[in-house]
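Okay, so here's the structure we're looking at.
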Amino acid sequence: MTKKGIVALSALISTLSLSLPGLANVERFETNMTESITDVGKEIYDIHMLVFWICVAAGILVFLFMLYTIIKYRKSNGHKPATFHENTAVEITWTVIPLIILLGMAWPASKTLIKIYDTSEADMDILITGYQWKWRYEYLTNDENDNVSFFSVLSTPQDEIHNIDPKNNNYLLEVDKPLVLPVNKKVRFLITANDVIHAWWVPALAVKKDAIPGFVNETWATPKETGIYRGQCAELCGKDHGFMPIVVDIRSEEDFNAWLKEEQAKAAEIKALTSKVFSMKELYDEGEKVYQKACLACHGANGEGGIGKAIAKSAIAMGDINTHMDVIVNGVPGTAMQAFGSQLTDVELAAVTTFQRNAFGNNMNETVQPIDIYNLKQGQ
Amino acid sequence: MAGPDKGFSRWLLATNHKDIGILYLWFSFAMFLLGGSFAMVIRAELFQPGLQLVDPNFFNQMTTMHGLVMVFGAIMPAFVGLANYMIPIMIGAPDMALPRMNNLSFWILPFAFAILASSLFMEGGAPNFGWTFYAPLSTTYAPPSVTFFIFGVHLMGISSIMGAINIVATIFNLRAPGMTLMKMPLFVWTWLITAFLLIAVMPVLAGAVTMMLMDIHFGTSFFSAAGGGDPVLFQHIFWFFGHPEVYIIILPAFGVVSEIIPTFSRKPLFGYASMVYATAAIAFLSFIVWAHHMFTVGMPLVGELYFMWATMLIAVPTAAKVFNWITTMFKGALTFETPMLFCIAFVFLFTLGGLTGLMLAIAPADMQYHDSYFVVAHFHYTMVAGAIFSISASVYYWLPKWTGRMYNETMGKVHFWIAFIGFNLTFFPQHFLGLAGMPRRIPDYSIQFADFNMISSIGAFTYGLAQLIFLFNIIRTIYFGEKTTEEQTWESARGLEWTLPSPLPFHTFERPPAIK
């Protein structure tokens, strides 16, 4: 391409991309691997650079030889072709030399690989579960009741994705609740999935591991610096594969411990509320009120259906209780049935489910307690 | 000897290797444009961050169909077409060994791809799980059209296996007297080895999709842990097919380049025997390295170490090939007609793809490269600058022989330079995107990736435009190209095809030629 062409093209690109608000505030034209905040990650980075420079050197040698040949031995220069077509010594040499170079790379690479698989006792365990399309983190403790768990979901507003609002600096790399970790502690990540295969990738931790349904993979990291680090799902997992980011918030040990205590207290509080057992009448009466405000518009005053399916004598309201709860909490994707899990409290959800199972002649004579809803939401 | 039938029956009932070669080549060109248009949709959506043109599910259908159509519809049939057209001539045979089966292997393909493409119009859309179709995304969570995809893959597999058997039978049985194995042109050698790879691994792919079919419709649990199966098993089976598959694509390209570079260097190929051995070595290694596509899947340490070392070994025979090509040029008398330009670009860009391949072999680093745009850049350097550039080179190289007309050299060079610039503009920045952390197969990305994605999209549109010039040049040559009747088009091309008149008569070598 001519020089003029290059200038014109780069002008075009900067005009087009600079029109994106916020681009001035991010690191642009990043060309290399993220430098890691773990020791193993730094070694991986060094291996990457070592192999890269060896490849650059090999490439330059080969391409210089090629360029020399192309310039020197043109027919238009009047060069007469030679006739040689083999040379065993040369051919053996260029088989052996690459082998030696490869050994030079394999040795440090193998050493680093062995360090990645350092299975020695970790300071803490985090269970990571991939869902379509969010991550669930659970802090595993010796007493199951002290475990803290939560979902971490993309928090970028839809209006930014659909180009209505300007995009913020962390566009698509922000979540409602990040994974919080202590600095200088060896963390073991136990990684699995609930539906399809995902992959948990945080470049700064130099961790990428597949999350496979039915399997638990393990990998380790010892972050050496505090801060916020971002990553993404790396394995195609369906429609919103590009919209399930990872944010890791690494804090000092004291801050982390304080945070964990607070989360444990919060979890206990919610559990206490939700673990209260209500009577059928309490749930039914409360459920009727909830039904009128949340369900009636689509499902009718007598559960006869309308925009939504009938609830009276329906296969869902008279079928498996977990499926019924799931439909109310998570909705039915692709239909008008919304997910009410975040719109109603666990008590309200339990009440309305109980109401639906017993009203309109369904008479299942079953109750759903808030704790059941809580457990469903936690993926248990 | 009868000439060709008139009208459509000439093509429908074709048993002549040249006619079937033409069918394969035009079919693959059509698929190349279809798969290319899917790529244009992908790059248009990725032109800027945010969702503009398509929804994420359709985006996934595009990446999936782009991969499937390009691998199984464009590149593989193009090389089978070249094999059909050229191998009988190169070994002094009158035709392929099994002409009727040859007809069937071709005519399966349009139906296979009609089935695959029709899934775009089905409820739930086309396959959206990537061309690698990992379970359970492609089984339990797949759209209903996955069943059509499975039957489409089965048909492609049957077609490939029959084509491969035909090539092996032809090479082993129909060589002219005196055409010993070690006298065969390198294109014939690479195809012989490729044919064995096809026969070995296409049934493995068929097994994988059949297990998917059973899981989806007959209640088995091959790939579902909940039923005692194993989702990782799918990946092992897929890549046991998939890794040899990438050499199925690139070995014939090596063959083509080994024919064309000596012609325009006016010098015999350097290291013929070592080229044959290197091809065989690459083919062997391709069977024992599959899990380097799975370094993040949670293999035991020894598994990782083994697959890393074995994969690194591939660099040795591949490097030998690159050195051989350059040494063939060394001290030659080079001219730079369009086929040679594409071959030189092939050696240059394929070497870049090989070097990034070596980087990807380093397991600890691969854990960071894996499933990022770095991988996308790497394999497009081998698939596009490798396979597609070599196919373009062969079309320009043999077109005068096929049609008896010369293509327009200026237009050929324009095609080359636009393709070369467009290709590098598209894929070179993707190395940076991948290293900086952009995962592959995402319809939208965070804003620090905006600049390189825009460059990449502009490059892709440029590369797409170049293919229209290519198409125009071919059609122009066939109807209006300057007539050429001489046997030797390129001054110093070797091989039996250059002893025959241009255009090639309908039947050639009805009597075997004398081989010196």
Side-chain angles (χ1 to χ4, degrees), chain A residues 1 13 16-17 20 22-23 26-34 44 47-48 51 55 59 62 65-66 69 73-75 79 81-82 85-86 91 94-95 98-99 102 106 109-110 112-113 116-117 161-163 167 171-173 196-197 203 208-210 212-214 217 232 234-236 239 242, chain B residues 49-51 56-57 130 134 136-137 141 225-226 231-232 266-268 270-271 274 296-298 301 304-305 309 312 315-316 319-320 323 326 329-335 351 355 358-359 362-365 367-368 370-371 421 432 435-437 439 441-444 446-448 450-451 454-455:
Chain A
M1 204 178 349
I13 289 163
L16 286 169
S17 52
L20 295 168
L23 205 58
V26 297
E27 193 71 38
R28 297 174 66 185
F29 293 106
E30 180 56 63
T31 55
N32 203 356
M33 201 186 256
T34 310
I44 292 174
I47 289 281
H48 155 69
V51 177
C55 286
V62 171
F65 178 40
M66 203 167 141
T69 302
Y73 301 109
R74 299 171 158 249
K75 194 188 173 204
H79 193 269
H85 56 88
E86 60 187 2
E91 290 173 60
W94 70 40
T95 307
L99 259 177
L102 287 178
S110 303
T112 305
L113 197 54
I116 294 176
Y117 278 78
I161 294 171
H162 290 100
N163 310 306
K167 296 172 181 22
Y171 177 69
L172 294 188
L173 294 179
V196 300
I197 300 178
K208 184 189 285 151
K209 205 72 165 178
D210 290 359
I212 300 166
N217 268 329
Q232 283 178 271
E235 182 64 62
L236 178 63
K239 177 170 76 73
Chain B
L51 292 177
N57 189 38
Y134 280 9
L137 188 62
Y141 295 83
V232 180
R266 292 165 181 76
K267 195 166 150 273
F270 186 84
S274 71
T296 65
V297 89
L301 175 61
E304 301 257 338
L305 286 170
W309 295 334
M312 292 174 81
V316 176
F323 297 143
I326 301 177
M329 285 156 57
F330 181 65
K331 297 202 171 179
L334 303 179
T335 52
T351 303
L355 290 170
L358 179 57
M359 292 173 75
I362 307 294
M367 288 173 180
Q368 294 314 300
H370 179 77
D371 265 330
I421 292 166
F432 303 143
L435 291 176
R441 294 166 165 166
I442 55 174
D444 193 6
S446 57
I447 53 177
Q448 79 258 31
D451 300 285
M454 187 171 284
I455 297 173

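For clarity, every value in this text was computed on a predicted model and none was experimentally measured. Chain identifiers are assigned alphabetically (A, B, ...) following the order of the sequence lines, protein sequences preceding nucleic acid strands; residue numbering begins at 1 within each chain.
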Toward chain B, the part of [X] with a non-hydrogen atom under 4.5 Å:
X      : answer
A:L173 : side chain
A:E235 : both
A:N32  : both
A:I116 : side chain
A:I47  : side chain
A:L102 : both

To check you understand the geometry: which heavy-atom pair defines the closest contact between [X] and [Y], and what is its length?
X      : Y      : value
A:A82  : B:K267 : O-CG, 3.2 Å
B:S274 : A:E91  : OG-OE1, 2.8 Å
B:P231 : A:I212 : CG-CG2, 3.6 Å
A:Q232 : B:G437 : OE1-O, 4.1 Å
A:I44  : B:Q368 : CG2-CG, 4.3 Å
B:P364 : A:T112 : CB-CG2, 4.1 Å

Based on non-hydrogen pairs under 4.5 Å, which of [options] is most in contact with chain A?
options                        : value
B:V232, B:I442, B:I326         : B:I326
B:P439, B:P443, B:A225         : B:P439
B:A315, B:A436, B:A363, B:G130 : B:A436

Go through [options] and name the one with the most non-hydrogen pairs under 4.5 angstrom from chain B.
options                       : result
A:K208, A:E86, A:M33          : A:K208
A:G214, A:G242, A:P213, A:P81 : A:P81
A:A109, A:P203, A:G59         : A:A109

Any side-chain heavy atom of [X] sitting closer than 4.5 Å to one from [Y]?
X      : Y      : value
A:I197 : B:P136 : yes
A:L113 : B:L301 : yes
A:K75  : B:R266 : yes
A:V196 : B:Y134 : no
A:T69  : B:L334 : yes

- Message: Does any backbone or side-chain atom of B:A226 lie under 4.5 Å from a heavy atom of chain A? Answer side chain, backbone, both or neither.
- Response: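 B:A226 has no heavy atom closer than 4.5 Å to chain A.
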- Message: Please classify the contact between B:I362 and chain A as side chain, backbone, both or neither, with a heavy-atom cut-off of under 4.5 Å.
- Response: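 B:I362 touches chain A through side-chain heavy atoms alone.
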- Task: Could you tell me whether a side-chain N or O of A:D210 sits under 3.5 Å from a main-chain N or O of B:G298, the two making a donor and an acceptor?
- Result: no
- Query: CZ of A:R28 to CG of B:D451: how many Å apart, nearest 0.5 Å?
  - Reply: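 Separation between the atoms: 4.0 Å.
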- Starting at CD1 of A:I161, measure out to CG of B:L51 and round the result to the nearest 0.5 Å.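 A:I161 atom CD1 to B:L51 atom CG measures 6.5 Å (nearest 0.5 Å).
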- Is the A:F65-B:F323 ring centre distance short of 6.0 angstrom? no
- Should we say atom NZ of B:K331 is surrounded by more than 12 heavy atoms from elsewhere, each under 6.0 Å from it? no
